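Below is the structure I would like to discuss, written out as structure tokens.
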Amino acid sequence: MVNAAKTKPAPIINRLVVVGLGLIGGSFAKGLRESGLCREVVGVDLDAPSRKLAVELGVVDRCEEDLAAACVGADVIQLAVPILAMEKVLARLAQLGLGNAVITDVGSAKGNVVREARAVFGERLPRFVPGHPIAGSEQSGVEASNATLFRRHKVILTPLEETDPAALALVDRLWRALDADVEHMPVERHDEVLAATSHLPHLLAFGLVDSLAKRNENLDIFRYAAGGFRDFTRIAGSDPTMWHDIFLANREAVLRTLDTFRSDLDALRDAVDAGDGHQLLGVFTRARVAREHFSKILARRAYVDAMNANDLIFLAQPGGRLTGRIRVPGDKSISHRSIMLGSLAEGTTEVEGFLEGEDALATLQAFRDMGVVIEGPNHGRVTIHGVGLHGLKPPPGPLYVGNSGTSMRLLSGLLAGQPFDVTMTGDASLSKRPMNRVANPLREMGAVVETGPDGRPPLTIRGGSKLKALTYTLPMASAQVKSCLLLAGLYAEGKTTVTEPAPTRDHTERMLRGFGYSVESNGPVASLQSGGKLTATRIEVPADISSAAFFLVAASIAEGSELVLEHVGINPTRTGVIDILRLMGGDITLENQREVGGEPVADLRVRGAKLKGIDIPEELVPLAIDEFPVLFVAAACAEGRTVLRGAEELRVKESDRIQVMADGLITLGIKCEPTPDGIIIDGGQLGGGEVHGHGDHRIAMAFSVASLRASAPIRIHDCANVATSFPNFLKLCADVGIRVAEEGKA
Ligand code: S3P
């Protein structure tokens, strides 16, 4: 029963008439009858057994055979007849005295219904509200009526200019009472969208099956047809009459989408004919991820699994110690840059150890959208068919980069040098983050950059600007801003020079050199000249020290632990976490130090230790900028007071990491005090409780680690974004002895 848990609302109309008691009409009638919003629900159907059944099954209160008799005193008339029968019914209704009744319909195409309504209703048109529920099932007939059929399904209403807002509001209200997600859009848009998403695929399925069935060898074709054929053609089992109606009703829009598809199909045919594997690979690699990609955009959250769009809760059990050897996933910063530079290089770049996390995948998708053919990722392997510095193509729409600040800020630099306009959008968290730090210096270089209010995303970068080189001193220590400007510098006339107030990660500079591009680094100053080119190379991405950090702290705070983290990147601009933990008394040794592809790596051995509170040296802040959430957990477990200053940047990360961590630690019984640019934490005994990840991956993981020293379980809300940087975090926790899992799963 719809709204079973809620008390029934008072009726808002007297009489609802539903014309046509098939699956859709019957379900609408039944749901509303149960909702209590209508005093009486009357059904009309030409078929006598259907009328009888409708009453017996409680779909309607009573039935009429005659339309005129049914419509006497109607407040709302719902037309649920086949789409080509709509014309006749509308014409008959127009002859009846319907008073102020609102008329609505469920036709799958709207243009034809509206044309007919316009022709017959004249001045009564404002009381007509065209609609289309996108729901159905393989069952049909009144016996399949289901009061919950429309729950969480989209219903599109296509009001006309003349439509009376009160009539629209009433129809909207009725659908919402059935728990439908109601949207409004213009008629033409509806027909265009449905032609592409529903009508075209049905035409292809019917057409393909028929084309194969007509051939001589048809028995063999069907005998050897595998799952793919069956999946692709499932919808060819749909009702032929209904679909014949739909194609006749939505002729123009179907023809337009079919013509576009036909030319794409011709292009594929030409590629096969010409043996153009590159073109085929481009289409296939883009198509393979497209469905998932668009669901992510629609869910408008981080670039994460839409299945987890609701609150994903981690439940961490208290206690434990860590043992074993693990390799955490690839470095996020280096993974982003490998896609960017690989795409802009000449030749084919092979990447190994790529982080298959949502943020780096957002960058990968952005370059696919700009025409770069990228194979993978497959177990961390990615093959990028570079297009050269001037080979990117305009993307078909805005680039959606989810939760990823690195994607948006670095891309803005290199997009400033392109001949086309691009808009970049992101999820709720990214949409709050400051972008003027890149927009302002890019404007100084001559770029045209538009931001949302207060310099927040979306970011639109106009193409075709002639960039001139810039000499710039960063107002904050930010590798993203530095990298953005160096990437813009590849396209700017002259020598671009960036000076940073404190050392920040230098992966961009190192990797540019790896691609054969000369970059000068002189203490805090990095500079490059435009006019060079990038040459494809091989990149081995080391394990991410920012991900390793969770285990460095975990093993340090859990007495009796000994853990080895393999192949971790120890670029000196990233090792602040090791220095800080050592200052606190941590026991971390670097083994097997070596260099891969221009980046130093080592295996890190960490043992449980008695930590003590410290004043964190300010010069270490940029070198551990992403590791503070978990370092705060170390401080909470240390003896004495830890003080952090000079870290106001933490307030503009994926969340306000100072406030959010302070809130959580206080909930867990730790005394701490946030300050404008840092925090003061007094070590103590962690208790259990409910804390919030705030959609910030590193907060969720930090509190998971805290459980090792908690006296009771910690329940962490909003953890889905852990997938942005560390997709197998829970698995590795289980492997080494941290007892955290998705709530409800072992
Ligand atoms: C990053 C730089 C840092 C860091 C982020 C990744 C990069 O950001 O926090 O996770 O890859 O350049 P800022 O430049 O804003 O400090």
Side-chain angles (χ1 to χ4, degrees), residues 271 275-289 330-356 359-378 380-396 399 401 404 406-407 410-420 422 461 463 467 483-484 486-492 507-519 528-541 596-599:
D276 184 349
H278 185 258
Q279 164 78 5
L280 294 173
L281 206 55
V283 173
F284 299 165
T285 46
R286 281 196 305 275
R288 184 174 181 195
V289 295
D331 187 281
K332 184 152 78 80
S333 295
I334 299 177
S335 295
H336 279 296
R337 287 157 172 85
S338 71
I339 298 293
M340 295 181 187
L341 300 192
S343 295
L344 297 177
E346 292 173 20
T348 304
T349 291
E350 301 281 352
V351 184
E352 256 183 71
F354 179 80
L355 167 64
E356 295 184 36
D359 277 11
L361 290 173
T363 291
L364 192 154
Q365 181 64 32
F367 281 89
R368 276 197 180 128
D369 284 348
M370 291 189 286
V372 182
V373 176
I374 304 175
E375 295 173 71
N378 193 356
R381 282 173 168 275
V382 181
T383 303
I384 308 162
H385 300 266
V387 295
L389 278 168
H390 300 282
L392 295 178
K393 299 208 183 87
L399 297 178
V401 296
S404 177
T406 310
S407 309
L410 268 60
L411 271 167
S412 63
L414 68 88
L415 290 175
Q418 306 305 319
F420 47 82
V422 179
I461 291 145
L467 300 187
S483 303
C484 161
L486 291 176
L487 292 173
L490 297 173
Y491 297 93
H507 305 301
T508 304
E509 298 91 305
R510 284 177 189 249
M511 200 183 284
L512 277 167
R513 288 186 200 109
F515 277 89
Y517 206 102
S518 159
V519 183
L528 57 73
Q529 289 267 356
S530 60
K533 66 169 189 158
L534 301 175
T535 306
T537 182
R538 247 196 102 258
I539 295 175
E540 195 185 327
V541 183
V596 289
E599 291 279 352

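Worth saying up front: this structure is predicted, and the values here are computed from it rather than measured.
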Point to revise | Minimum side-chain heavy-atom gap Leu361-Val289 below 4.5 Å | key: no

Check your understanding: Minimum heavy-atom separation for Gly353 to Val541, with atom names?
Key -> O-CB, 3.4 Å

Review point. What are the two closest non-hydrogen atoms of Ala492 and Ser530, and how far apart are they?
Key: O-OG, 2.6 Å

Check your understanding: Does a side-chain heavy-atom distance below 4.5 Å link Val401 with Thr363?
Key -> no

Check your understanding: When you measure from the side chain of Arg286 to the backbone N and O of Arg368, does any donor-acceptor pair fall under 3.5 Å?
Key -> no

Point to revise | Smallest separation among heavy atoms of Ser483 and Arg337, with atom names | key: OG-NH2, 3.2 Å

Point to revise | Minimum heavy-atom distance Gln279-Ala271, with the two atoms named | key: CG-CB, 3.5 Å

Check your understanding: Does the side chain of Glu599 reach to within under 4.5 Å of the side chain of Asp331, using non-hydrogen atoms?
Key -> no

Point to revise | Rounded distance [0.5 Å steps], CD in Gln529 versus CG in Leu490 | key: 11.5 Å

Check your understanding: When rounded to the nearest 0.5 angstrom, what is the spacing between CZ in Phe367 and CG in Leu392?
Key -> 6.0 Å

Review point. Rounded to the nearest 0.5 Å, what separation is found between the CG atom of Leu341 and the CE atom of Met511?
Key: 6.0 Å

Check your understanding: Can you find a pair of side-chain heavy atoms, one from Ile374 and one from Thr285, that are under 4.5 Å apart?
Key -> no

Exercise for review: Go through the steps to decide whether Leu344 and Phe515 satisfy the test side-chain contact (heavy atoms from CB on, under 4.5 Å), and finish with yes or no.
Suggested key: CA-CA 10 Å; Leu344 297 177; Phe515 277 89; over 6 Å; no

Check your understanding: CZ of Arg513: more than 12 outside heavy atoms within 6.0 angstrom?
Key -> yes

Point to revise | Verdict with reasoning, Val373 to Phe284, per side-chain contact (heavy atoms from CB on, under 4.5 Å) | key: CA-CA 9 Å; Val373 176; Phe284 299 165; over 6 Å; no

Study note, to complete from the structure: Between Glu356 and Gly380 the two heavy atoms that sit nearest each other are OE2-N, 2.6 Å

Exercise for review: Using atom types as modelled and distance alone, determine if a side-chain donor or acceptor of Tyr491 lies under 3.5 Å from a backbone N or O of Leu389.
Suggested key: yes

Review point. Between Arg538 and Glu352, is there a salt bridge with N-O shorter than 4.0 Å?
Key: yes

Check your understanding: Do you know which two heavy atoms are closest between Gly342 and Thr349, and how far apart they sit?
Key -> CA-OG1, 3.9 Å

Check your understanding: How long is the gap from CD1 on Ile384 to CG on Leu364, to the nearest 0.5 Å?
Key -> 7.0 Å

Exercise for review: To the nearest 0.5 Å, tell me how far Thr406 OG1 sits from His507 NE2.
Suggested key: 10.0 Å

Practice item. Any chance you could measure Ile339, atom CD1, to Ile334, atom CD1, to the nearest 0.5 Å? Key: 13.0 Å

Practice item. Report the C-alpha separation of Ser343 and Met370 in whole Å, then their side-chain angles, then the decisive distance to 0.1 Å, and conclude whether the side-chain contact (heavy atoms from CB on, under 4.5 Å) test is met. Key: CA-CA 10 Å; Ser343 295; Met370 291 189 286; over 6 Å; no

